[in-house]
2 protein chains.
Amino acid sequence: MSEPTIYDVAREAGFSIKTVSRVLNGEGGVRPETVARVRAAIEHLDYHPNPAARRLGGGKLPTIGLVVDSLNDPFFGEVIAVVERRAVEMGMDVLVASTGMDAARNQSQIERLVRRGVAGLIVAPFGEGQAARAVLPDKIPVVVIDRQCGIQDKDVVRVTDHEGAHEAVCHLVAHGHRRIAFLGETAEFSTVQDRLAGYSDALLEAGLEVDGQLIETTCWDADAAYPLALAMLAPADAPTAVFASTPLVGLGVLRALKRLDRQDVALVVFGDFPLAELMTPPTTVVDQRPTALAEAAFAHLARRLEDPVAAVVETVLPTRLVQRGSGELPPRGPR
Amino acid sequence: MSEPTIYDVAREAGFSIKTVSRVLNGEGGVRPETVARVRAAIEHLDYHPNPAARRLGGGKLPTIGLVVDSLNDPFFGEVIAVVERRAVEMGMDVLVASTGMDAARNQSQIERLVRRGVAGLIVAPFGEGQAARAVLPDKIPVVVIDRQCGIQDKDVVRVTDHEGAHEAVCHLVAHGHRRIAFLGETAEFSTVQDRLAGYSDALLEAGLEVDGQLIETTCWDADAAYPLALAMLAPADAPTAVFASTPLVGLGVLRALKRLDRQDVALVVFGDFPLAELMTPPTTVVDQRPTALAEAAFAHLARRLEDPVAAVVETVLPTRLVQRGSGELPPRGPR
DNA sequence: AGGGCGCATGACAGCGCTGTCAATACCTCA
DNA sequence: TGAGGTATTGACAGCGCTGTCATGCGCCCT
């Protein structure tokens, strides 16, 4: 009635549990004929090794831990979906943990997962440099996603934040914009800092002034961005285009535009979001391609699970400018 | 260097491991003074019991399994976020599993989680009646969410599908609509069947004819709904209002409306979605309140983990009609 | 023929915890 | 004073698996 154990398999196959264990773990040193018989017994009994027991014997759980900011964020939702699919394909589970933008919680979540005995971790890290690095375990493989945070000795998969922002702003400039606003929280994340740098560089290259009045670096979420966007777009000399450094900030901007009933302000958002194509006008975005990022992260983790001492790699995926309309609006004339 | 074990705590406290175990599990029969000393030792060593070892001793992992259709669906994303937050609050983990609308995978995922030794399961079930019920384990608590699927002997948390659809269609009727379309896949899910029933009942109550031409029951996702919506809205005698039975179907309809450049078709979507307020016009929805649903599901599971023989309850949460504009449009005049 | 070697397999001790049952000390009541 | 409780604690055997080390056997070489 209860789950069969390795003893049942051993009895069924007519060998010792150790031999079964060898077959299970592909250790070799077993006659092919024996392997076949053990396999048959496993099949016959529908045996599945008990992960807890395995772990107890010093091993790791067939489980991957995934630590992200927010589990209902569309970006991370995509990441979760990909990681889960790949993990299940190779017989592993996924434990999820959210940090909710809280460094302490980030740390405690990581520690919890490590204690649980996960075999590897995919983490969207938090903070910067030493602090960010310190909370990552060294005993198991870790792949850092989305934000590099100055971490040097772990595999990292991120996107071209600087180049993506640069391209977006160049795009706006190419469409005639001279006054382009930047909205985003730069204190918290290096990614947003990189995007701000990309923004500034693009302006400078175009021979345009970087106007501090048009740069808002204190809004993280949509609720914070909304009033700031409202205020920024109100004046007579308001910018004719806006670069939103994250989808949430973009949402705040879109709300402000809706509120102001303005469809003439050009907008590019860093990070795609569902229904962007249904906005009026459809929103032009810098696609971070979360699926590709997640695939790469998982591939790195899988590689490192096999070969823990493989060389550390940093993968920087290119972003993709998706022109949908809002980023191609011309500057409106003076009111 | 390595994690402290119960032996370390016992030594530190000056008692046997069994006494430490008693304190850990709140078994009682331990002098308060002893409890305090053990607690102090635990604190001092930063000891955390090894879940794998616990499970091996016949127990369950401090882990909840969550099985949903899709991990990047906004609705389930909300559910995941809530469940994870609550679970962590009570020291538990969350293992996620997606089924991708595949009955076989649904079953294998559930079996996998059960084998892992999760303490309880929250499942969006699949199929109908016997088949749906059969894959649910009986050894551990299970809470069924979103779809009842004819399951009688498990706790269920769902929403008022019939009433919600009924209210939505009545709302459209009240705004003068006489030709109201229904789009959604009814073969797969009883929830959508209930919504269709609510739709039909509302029409009949209003003395309106239920026109099979206006009912499309074969589209599950946005890609399938799009051409069907396009076709349905094209004729001269096209419906003046549409009821979309799921957010994905709603998305397909919105795409079709965008394509046709029509802003005069009334629309109510069953299930809220991000950015609905930013549509033109903003989309009126029947909010399924995923957060409330997830909270209720978790509460049920927690209750049942404490008391496995508690009476089975079915919680039916009311939906909420969120009027944003698209559902309040008047019927357009003849072209 | 005999020593040595490699291959295939098995016996057994943990891993960290909980369940069972025993032991001890201290009371209580007759 | 002694039998029988009660409260507190501990010894020990698993749980299912893997790591270590031992065993048995056939084969090669000298």
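Letters go in sequence order (proteins before strands), and every chain restarts at 1.
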- Does B:Arg22 get its side chain close enough to the base of C:dG19, under 3.5 Å, for a donor-acceptor pair?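 Flag unset: no donor-acceptor pair detected.
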
Length of the line joining [X]:[atom1] and [N]:[atom2], which is rounded to integer Å:
X	N	atom1	atom2	result
B:Arg31	C:dT24	CZ	P	18 Å
A:Glu27	D:dT20	CD	P	10 Å
B:Arg115	D:dG16	CZ	P	15 Å
A:His48	D:dC17	NE2	C1'	16 Å
B:Ile42	C:dC17	CD1	P	10 Å
A:Lys18	C:dC7	NZ	P	17 Å
A:Tyr47	D:dC17	OH	P	3 Å
B:Ile17	D:dT9	CD1	P	15 Å

Any sub-3.5 Å donor-acceptor pair from B:Ser98's side-chain atoms to B:Gly100's backbone N or O?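 No.
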
Looking at every strand, decide which applies to [X] at a 4.0 Å heavy-atom threshold: base, sugar-phosphate, or nothing.
X	value
A:Phe15	sugar-phosphate
B:Gly59	nothing
B:Glu33	nothing

Side chains of B:Glu84 and A:Gln109: any donor to acceptor distance under 3.5 Å?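 Distance-only check passes for A:Gln109 and B:Glu84.
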
Any Lys/Arg nitrogen of B:Asp138 or B:Lys154 sitting under 4.0 Å from an Asp/Glu carboxylate oxygen of the other?
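Here B:Asp138 pairs with B:Lys154 in a salt bridge, since their nearest N and O are under 4.0 Å apart.
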
Answer yes or no: does a side-chain N or O of A:Asn50 lie under 4.0 Å from OP1 or OP2 of D:dC15?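 Checking A:Asn50 against D:dC15: no side-chain N or O falls below 4.0 Å of OP1 or OP2.
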
* Nearest-nucleotide wise, let me know which of B:Thr34 and B:Leu56 is further upstream toward the 5' end of DNA chain D. =>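 Mapping each residue to its closest nucleotide by heavy atoms, the 5'-most match is B:Thr34.
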
Which distance, rounded to the nearest 0.5 Å, do you find between the CZ of A:Arg158 and the CD1 of A:Ile145?
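If I round to the nearest 0.5 Å, the distance is 13.5 Å.
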
**Report entry** A:Phe298 and A:Val143, any side-chain heavy atoms less than 4.5 Å apart
**Finding:**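 In short, these two side chains do not touch, never coming nearer than 4.5 Å.
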
- request: Go through D:dG10, D:dC17, C:dT9 for me and flag the one nearest to the B:Ser16 side chain.
  value: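 Side chain of B:Ser16 sits closest to D:dG10.
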
Taking the side chain of B:Thr19 as heavy atoms from C-beta outward, which of D:dT9, C:dG19, C:dG16 is closest to it?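 Looking only at side-chain atoms, B:Thr19 lies closest to D:dT9.
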
